[in-house]
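Encoded as structure tokens, the structure appears first; notes follow it.
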Amino acid sequence: MWAPKATAVEVDVLGGRRAMSPLPDGWWALDVPEAAHGTRYGYVVDGGGPYPDPRSRRQPEGIFGPSAVYDHGHYTWSDDEWTGRDLRGAVIYELHIGTFTQGGTFEAAIDRLEHLVELGVDFVEVMPVAPVPGGRNWGYDGVDLYAVNETYGGPDGLKSFVDACHRHGLGVILDVVYNHLGPSGNFLHPFGPYFSGFAGSYWGEAVNLDGPGSDEVRRYFIGNAIQWLRDYHIDGLRLDAVHALHDKRATHLLAELSAEVDALACAVGRPLSLIAESDLNDPRMVRPLDAGGLGMTAQWNDDVHHVLHTAVSGETHGYYGDFVGLEALAKVLTSGVLHDGGHSSFRQRSHGSPYTGVPGHRLVACLQNHDQIGNRPAGDRLPPAALTLGAGLLLTSPFTPMLFMGEEWGARSPFLFFSDHVEPHLRESEGGRRETEFEGFGYAWEAPNPSSEETFLMSKLDWAELKEEAHWSLLCWYRDLIALRKALPELSDPRLDRVRVETDPEGDWLAMWRGEVCVAVNFGDEPVTVPVRGGSVLLASDEPVSLEQDGLRLPAQSLAICRPTPDPGLTRAV
């Protein structure tokens, strides 16, 4: 255990405290032969504690209880034939274990994997699973980062879920948070200089990545990433809010992590992905290490979400104000981002840099995700009509598409912000903190109490909705779009310079060309004729759609995918 400034360290184990011996560089050690899988223990640092192990693999009694010895060898894997999955050409499905099913566990989620296989997605992206205060949380208040939330099923539960995903042919991406730790149950301070001493972001104290003692702090986070990929057979990590990582070293933490993960991929013989959430619009994030980049496999691309949301919803408040108009949509579809060095009215400054030469598969794009739904006061989702058009563009775009749980059938349940803090002052002030965080975003903030259990229960998916015709019809649309994307190489082509977009000067329709395939959208309330002639319609969201002499006739609020040369076999297959 690392405690560089401690003068005495003990381990509280098997009914008594035992002194640990100092080692070089601030480490302490003690051999306890009788400790076995499941043995509870804690550390006492200079008389304080006992505290959980900073690298605790299991917290069976929650974040305020003792750690437990956990031997990875006790789980028997069944995925020996799993060779991994490449992010290129993939479709991602984001979910929250606690609300994906009524049961809210890994075991319950396994029962729904067949649905994801039939949908056609390739990766399941799981929101953070580290232990959190109480029984319900999005996961971004996590502490004890090496452990797994017992509410979901603990470490064995996560392994069973990953094992099952691999049996179904699904890769697993895990969301991890390295820019801060939760405000409750964070016991790292007594052990060492894990934090910089200043507010690194709205969410908490900055992690010490470049100050005195930061070598071991960096190893703490890199070791955590390696654990998930190696010991839990995870296929990739989504790194939360990397723009909040404060690191002035010559080699940024992300670059160091990328090199370590590349080496691990060679050792385990399967591809491993790192996906950064970043609002910097900096292409260096996804450029390879040998090209001077940070080596991330991909990054979340908010510009795609914002421009699609604005086009299908009509909302223009807050940051959406920069993304109004089909010209903005055309630029994002062909350039990857809107803000590539120009002025951002929301930020009141210039923002971003061009993504010249960056393939679209390095940009993870979505129509909805946990943030863009859950950070709305009512946690409300897009209606089915907007989803139909938005999904049609997203799933034919040059980017790596990501869906959010329930989106594929137009789930009516909201995805609200919820938490379950134990301390009264945190519990009672949570709603006020959320409102303050989103000042200036253009919302009239009237949100349910995030500390209420009812807020959490309201956010659970209602799978019975799939028995209703409207929901089933939308699910079939999503399935058909994903199937078509995988059937036509043009639709998964990541080369942005091969995407052509035409727009109507009046702002009613847009045509996106992917090779010889055209995706035509009518955003207006009246039928339009798009100048696309000849060929056949492969897929359409509404009827009647017809290819006439003067072009493709589209009903109001509809989308059609066509190609100039008829291909009856492909049309029948779709």
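Please read these numbers as outputs of a predicted model, since none were measured by experiment.
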Under 3.5 Å: donor-acceptor pair, side chain of [X], backbone of [Y]:
{"X": "Ser558", "Y": "Pro555", "answer": "yes"}
{"X": "Asp322", "Y": "Ser344", "answer": "no"}
{"X": "Ser258", "Y": "Leu254", "answer": "no"}
{"X": "Trp477", "Y": "Ser541", "answer": "no"}
{"X": "Arg362", "Y": "Thr297", "answer": "yes"}
{"X": "His351", "Y": "Asp279", "answer": "yes"}
{"X": "Arg381", "Y": "Ser413", "answer": "yes"}
{"X": "Asp282", "Y": "Met285", "answer": "no"}
{"X": "Asp247", "Y": "Leu253", "answer": "yes"}
{"X": "His471", "Y": "Trp409", "answer": "yes"}

Would you say the side-chain atoms of [X] and [Y] include a donor-acceptor pair closer than 3.5 Å?
{"X": "Arg218", "Y": "Ser214", "result": "no"}
{"X": "Trp445", "Y": "Glu439", "result": "no"}
{"X": "Tyr178", "Y": "Asn224", "result": "yes"}
{"X": "Asn281", "Y": "Asp340", "result": "no"}
{"X": "Glu430", "Y": "Ser451", "result": "no"}

Apply the test side-chain contact (heavy atoms from CB on, under 4.5 Å) to residues Tyr443 and Asn375: give CA-CA distance (whole Å), side-chain angles for both, the deciding distance (0.1 Å), then the verdict.
CA-CA 10 Å; Tyr443 295 121; Asn375 288 340; 5.9 Å; no
Among Ile275, Leu363, Leu239, the one residue meeting side chain to side chain contact (heavy atoms under 4.5 Å, CB included) with Gln299:
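Output: one option passes, namely Leu363.
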Let me know which of Phe418, Phe404, Phe417, Tyr140 forms a ring pair (Phe, Tyr, Trp, His ring centres under 6.0 Å) with His370.
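So, applying the ring pair (Phe, Tyr, Trp, His ring centres under 6.0 Å) to His370 and each of Phe418, Phe404, Phe417, Tyr140, only Tyr140 qualifies.
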Going from [atom1] on [X] to [atom2] on [Y], what distance comes out if it is rounded to the nearest 0.5 angstrom?
{"X": "Leu87", "Y": "Ile92", "atom1": "CG", "atom2": "CD1", "result": "5.0 Å"}
{"X": "Trp228", "Y": "Leu237", "atom1": "CH2", "atom2": "CG", "result": "9.5 Å"}
{"X": "Leu257", "Y": "Ile226", "atom1": "CG", "atom2": "CD1", "result": "6.5 Å"}
{"X": "Met512", "Y": "Thr396", "atom1": "CE", "atom2": "OG1", "result": "3.5 Å"}
{"X": "Leu559", "Y": "Asn522", "atom1": "CG", "atom2": "CG", "result": "10.0 Å"}
{"X": "Glu216", "Y": "Ile222", "atom1": "CD", "atom2": "CD1", "result": "11.0 Å"}

Measure up the Phe441 and Phe438 rings against each other and bin them: parallel (under 30°), tilted (30 to 60°), perpendicular (over 60°).
perpendicular
May I ask you to decide if the ring planes of Tyr194 and Tyr220 are parallel, tilted or perpendicular, using 30° and 60° as cut-offs?
perpendicular
For [X] against [Y], the heavy-atom pair lying closest together:
{"X": "Val304", "Y": "Val332", "result": "CG2-CG1, 3.6 Å"}
{"X": "Ser313", "Y": "Leu382", "result": "CB-CD2, 4.0 Å"}
{"X": "Ala130", "Y": "Val143", "result": "CB-O, 3.8 Å"}
{"X": "Ala244", "Y": "Asn179", "result": "CB-CB, 3.9 Å"}
{"X": "Ala298", "Y": "Val364", "result": "CB-CG2, 4.0 Å"}
{"X": "Gln557", "Y": "Leu389", "result": "OE1-CD1, 3.6 Å"}

Candidate list Arg500, Arg485, Arg563, Arg514, test salt bridge (charged side-chain N to carboxylate O under 4.0 Å, His left out), partner Glu490, passing option
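Single salt bridge (charged side-chain N to carboxylate O under 4.0 Å, His left out) partner of Glu490 among Arg500, Arg485, Arg563, Arg514: Arg563.
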Electrostatic pair Asp550-Arg533, nearest N-O below 4.0 angstrom
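Result for this pair is no, no salt bridge flagged.
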Is Asp215 salt-bridged to Arg249, going by a charged N under 4.0 Å from an acidic O?
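Here Asp215 pairs with Arg249 in a salt bridge, since their nearest N and O are under 4.0 Å apart.
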So do [Y] and [X] actually touch side chain to side chain, heavy atoms under 4.5 Å?
{"X": "Glu315", "Y": "Arg376", "value": "yes"}
{"X": "Met405", "Y": "Thr99", "value": "yes"}
{"X": "Pro133", "Y": "Arg427", "value": "no"}
{"X": "Leu552", "Y": "Cys562", "value": "yes"}
{"X": "Asp302", "Y": "Asp371", "value": "no"}
{"X": "Pro414", "Y": "Ile373", "value": "no"}
{"X": "Glu408", "Y": "Tyr93", "value": "yes"}
{"X": "Leu145", "Y": "Val176", "value": "no"}

More than 12 non-hydrogen atoms from neighbouring residues, nucleotides or ligands closer than 6.0 Å to CD on Glu548, yes or no?
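Yes, CD of Glu548 has more than 12 neighbouring heavy atoms, counting only those of other groups under 6.0 Å.
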Atom CZ of residue position Arg88 - does it have more than 12 heavy atoms of other residues, nucleotides or ligands inside 6.0 Å?
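No, CZ of Arg88 has 12 or fewer neighbouring heavy atoms, counting only those of other groups under 6.0 Å.
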Would Arg238 pass as a cation-pi partner of Trp300, given that its NZ or CZ must be under 6.0 Å from the six-membered ring centre and within 45 degrees of the axis?
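The answer is yes, since Arg238 meets both limits relative to Trp300.
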Given side-chain contact (heavy atoms from CB on, under 4.5 Å), test Leu403 with Tyr478 step by step and report yes or no.
CA-CA 10 Å; Leu403 314 180; Tyr478 270 80; 3.8 Å; yes
Test side-chain contact (heavy atoms from CB on, under 4.5 Å) applied to Leu329 and Leu308, step by step
CA-CA 7 Å; Leu329 179 54; Leu308 286 177; 3.9 Å; yes
Determine, stepwise, if the pair Phe323 / His305 fulfils ring-ring contact (aromatic ring centres under 6.0 Å, His included).
CA-CA 10 Å; Phe323 296 86; His305 169 270; 9.2 Å; no
Yes or no on side-chain contact (heavy atoms from CB on, under 4.5 Å) for Leu416 and Trp138, after CA distance, side-chain angles and deciding distance?
CA-CA 9 Å; Leu416 296 156; Trp138 274 16; over 6 Å; no
